[in-house]
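Next up is a structure, given as structure tokens.
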Amino acid sequence: MSAIEVQVASRILKEHYGDIVDKVCTQLIKYGSTPLRPLAQELSLKVDQVKKALCVLIQHNIVTFKLHKRGFVEYSAKVDHVLMIPRYPHYIYCAKTLYGDAGELIVEEFLQHGQMLMSAVVDKVSQRLSEAMEAGQKLDPRIVPGKFEDLVNTHFLQRLPAPPKQQEQEKVPSNAVPKLELSEKDMYRIPQGDDLTGRKRKRSVTDSGDADRTNKKVRGSTSTGNEEVAADAGVVWKINFDRFHQHLRDLEIVAAVCRRVDWHAGEIVRTMLRVSELTTDFNASETIPIGFHDIMRALPPDLKMTRNAAEQYFKLLSDDQTRILQKIGESGGGTYKIDLQKASQAICTATVESIVQERFGSKSFRIFKTLLIKKHLEQKQVEEFALIPAKEAKELLYKLFAEHIVTVQEIPRTPDHAPSRTFYLFTVNISQVSRMMLERCYKTLANLMSRRDYETKENRRLIEKAQRVEAITKSLQSHGADPTQTAEIEDMITAPEKLQLEQYKRKMAKLEQSELQVDGTIFILSNYIQQEGNR
């Protein structure tokens, strides 16, 4: 974890959760696991303020807690979860593409609230969809629960571990940290037998055990009678980010195959990834082996691909130098797998090549590509293979070396390492270049966020004025005011102010679009680095 990552995480936290949450989480990121009171002392904050900040961070799955062997509770932050926040629009778009408006709103609710009950999500999403419908239309009550189940069945949503049952909890001291448990089979299973779509049931406070009474005291409740609780109380869900990352990675792989071969080859790879998506872990280096006949049966009907054509595409893909698709057996017409590690490497290499070409020009890109293919070359060999004049090639090569895009390996012919008797071989370490470019991407993201903050501060007065005018106009329209009255209110913003406001909106749209593009590059580079670390 680098300093620039901590800086970006701090900016994201401050923007979304405020100053206190930013200070608490940044302290945990910098110094690791810390108990509550030392954390409050280090930050010079009240214990109650730190408690509330930790509650917010735990609710959004950014901070975890555990019981230390000496008996106190310590908290630790996950910086990766903070850095994923700029990627939220990609997750929402994925859900909309796969499951429509209902899926989009379900994922949006989870991203806003972190952890939620199924009944609460279904209620909120159903209400939002009903409000968006035209007069006279009625929402089918089965749509939202059905989409929720689809998201769970495809592992986009998963259950959170829960405390043990009341009988087991009575054996544990009341001041101890509850042990959260969840079996693997229950992680993607919706409990049956209860109405989980929003219906509530009566429950006596005395039936809830000591733990519920303690929670009631913490919430400050004073009621002693029966209370209404959701039918699915205790079954809490959250977003499975690894599954979304797997889907985004699969889309990148399919797009890379389409660019390299054609659309039909991309559809074959898409089908293989879809068949193995629930059985392949996000960190796996390859998919499960899939038979030729199974792939043919899973192909989309509208593709209308014959057996001979499919065999030719499989041969073409397996013979390709990227080795993304590999044949590992002859049984059943052939058994194939997708090497996810080589796919990530090919996508990352293409991204790095694009950055080099845009930043240093086509001739520098030619030198970079030559070194990628030939691995190790002397300066004279680089000039010959890249077909660039000696003087210009030397200048471009050393410029790439100064920017750490190209590295030099010394091979001495004698023990004294004399320069005249030493070979200097230029090479490209794609892993090192990827890490360096990832750092620059985070720096770019920090600069974009700083610029966005600056533009907002510069136009704060105008933005607040426009918001007040808009609120007054909507209030008048809701009360049936005359159009001339609303026009007079709208004229409070002068023509130069309207022009300035339009310019501000255009700048913000460009900055936000740039942030999304930079985050896409960060995802590709970090995915490759993670795959390299799993070797």
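Along the sequence shown, residues are numbered consecutively beginning with 1. Side chains included, hydrogens not; waters and symmetry mates left out as well; all remaining heavy atoms used.
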* To do: Mark yes or no for whether Ser478, through its side chain, and Ser475, through its backbone, hold a donor-acceptor pair below 3.5 Å.
  => yes
* Asked: Looking at OG1 of Thr279 and CD1 of Ile288, how far apart are the two atoms once the value is rounded to the nearest 0.5 Å?
  -> 3.5 Å
* Asked: Which residue pairs pass the side-chain hydrogen bond (donor to acceptor under 3.5 Å, both in side chains) test with at least one member in residues 267-278, sequence neighbours excluded?
  -> Arg243-Glu277, Trp263-Glu267, Glu267-Arg270
* To do: State, yes or no, whether a side-chain contact exists between Leu445 and Ile4 at a heavy-atom distance under 4.5 Å.
  => no
* To do: Without swapping roles, check the side chain of Thr26 against the backbone of Asp22 for a donor-acceptor pair under 3.5 Å.
  => yes
* Kindly check if the number of other-residue, nucleotide or ligand heavy atoms within 6.0 Å of NZ (Lys78) is above 12? => yes
* N/O donor-acceptor pair under 3.5 Å between Glu74 side chain and Thr34 backbone -> no
* So with a 6.0 Å cut-off around CD of Gln112, is the heavy-atom count from everything else above 12? -> yes
* Do we see a donor-acceptor contact under 3.5 Å between the side chains of Thr456 and Arg460? -> no
* Asked: To the nearest 0.5 Å, what is the distance between NZ (Lys52) and NZ (Lys46)?
  -> 9.5 Å
* For the side chain of Asp339 and the backbone of Lys342, is there at least one donor-acceptor N/O pair under 3.5 Å apart? -> yes
* Structure fact -> With sequence neighbours left out, the residues meeting ring pair (Phe, Tyr, Trp, His ring centres under 6.0 Å) with Tyr442 are none
* For Glu455 and Tyr504, indicate whether the former's side chain and the latter's backbone hold a donor-acceptor pair under 3.5 Å. => no
* Asked: Could you go step by step and tell me if Glu502 and Lys498 meet the salt bridge (Lys or Arg N to Asp or Glu O under 4.0 Å) rule?
  -> CA-CA 6 Å; Glu502 287 297 322; Lys498 287 181 180 179; over 6 Å; no
* Asked: With sequence neighbours excluded, what pairs up with Glu497 under the side chain to side chain donor-acceptor pair (under 3.5 Å) test?
  -> Lys465, Thr494
* **Atom pair OH/CD of Tyr88 and Glu108 - distance to nearest 0.5 Å** => 12.0 Å
* To do: Look up atom CZ in Phe523 and atom NE2 in His245, then write down how far apart they are to the nearest 0.5 Å.
  => 6.0 Å
* Glu15/Arg11 salt bridge by N-O under 4.0 Å criterion -> no
* Contact check, side chains of Val352 and Ser434, non-hydrogen atoms, under 4.5 Å -> yes
* Partner of Asn240 under side chain to side chain contact (heavy atoms under 4.5 Å, CB included), chosen from Arg159, Gln158, Met187 -> Gln158
* To do: Output yes when a side-chain donor or acceptor of Glu5 lies under 3.5 Å from a complementary backbone atom of Ser2, and no otherwise.
  => yes
* Do the side-chain N and O atoms of Thr64 and Ser76 include a donor-acceptor pair separated by under 3.5 angstrom? -> yes
* To do: Carefully, step by step, assess Leu151 and Tyr99 under the rule side chain to side chain contact (heavy atoms under 4.5 Å, CB included).
  => CA-CA 8 Å; Leu151 285 163; Tyr99 300 106; 3.5 Å; yes
* To do: Check whether any side-chain heavy atom of Leu325 sits under 4.5 Å from a side-chain heavy atom of Met272, and report yes or no.
  => yes
* What do the steps show when you test Leu438 against Ile522 for side chain to side chain contact (heavy atoms under 4.5 Å, CB included), and what is the final call? -> CA-CA 6 Å; Leu438 183 62; Ile522 288 173; 3.8 Å; yes
* Structure fact -> Between the CD1 atom in Ile62 and the SG atom in Cys25, the distance rounded to the nearest 0.5 Å is 6.0 Å
* Asked: Under the 3.5 angstrom rule, does the side chain of His81 hit a backbone N or O of Asn61 as a donor-acceptor pair?
  -> yes
* Asked: Between Phe241 and Tyr91, does the ring centre distance come in under 6.0 Å?
  -> yes
* **Backbone of Ala265 reached by a side-chain donor or acceptor of Asp262 within 3.5 Å** => yes
* Look up atom CD1 in Ile106 and atom CH2 in Trp237, then write down how far apart they are to the nearest 0.5 Å. => 12.0 Å
* Asked: So Phe148 and Phe110, would you call those rings parallel, tilted or perpendicular, with 30° and 60° as cut-offs?
  -> tilted
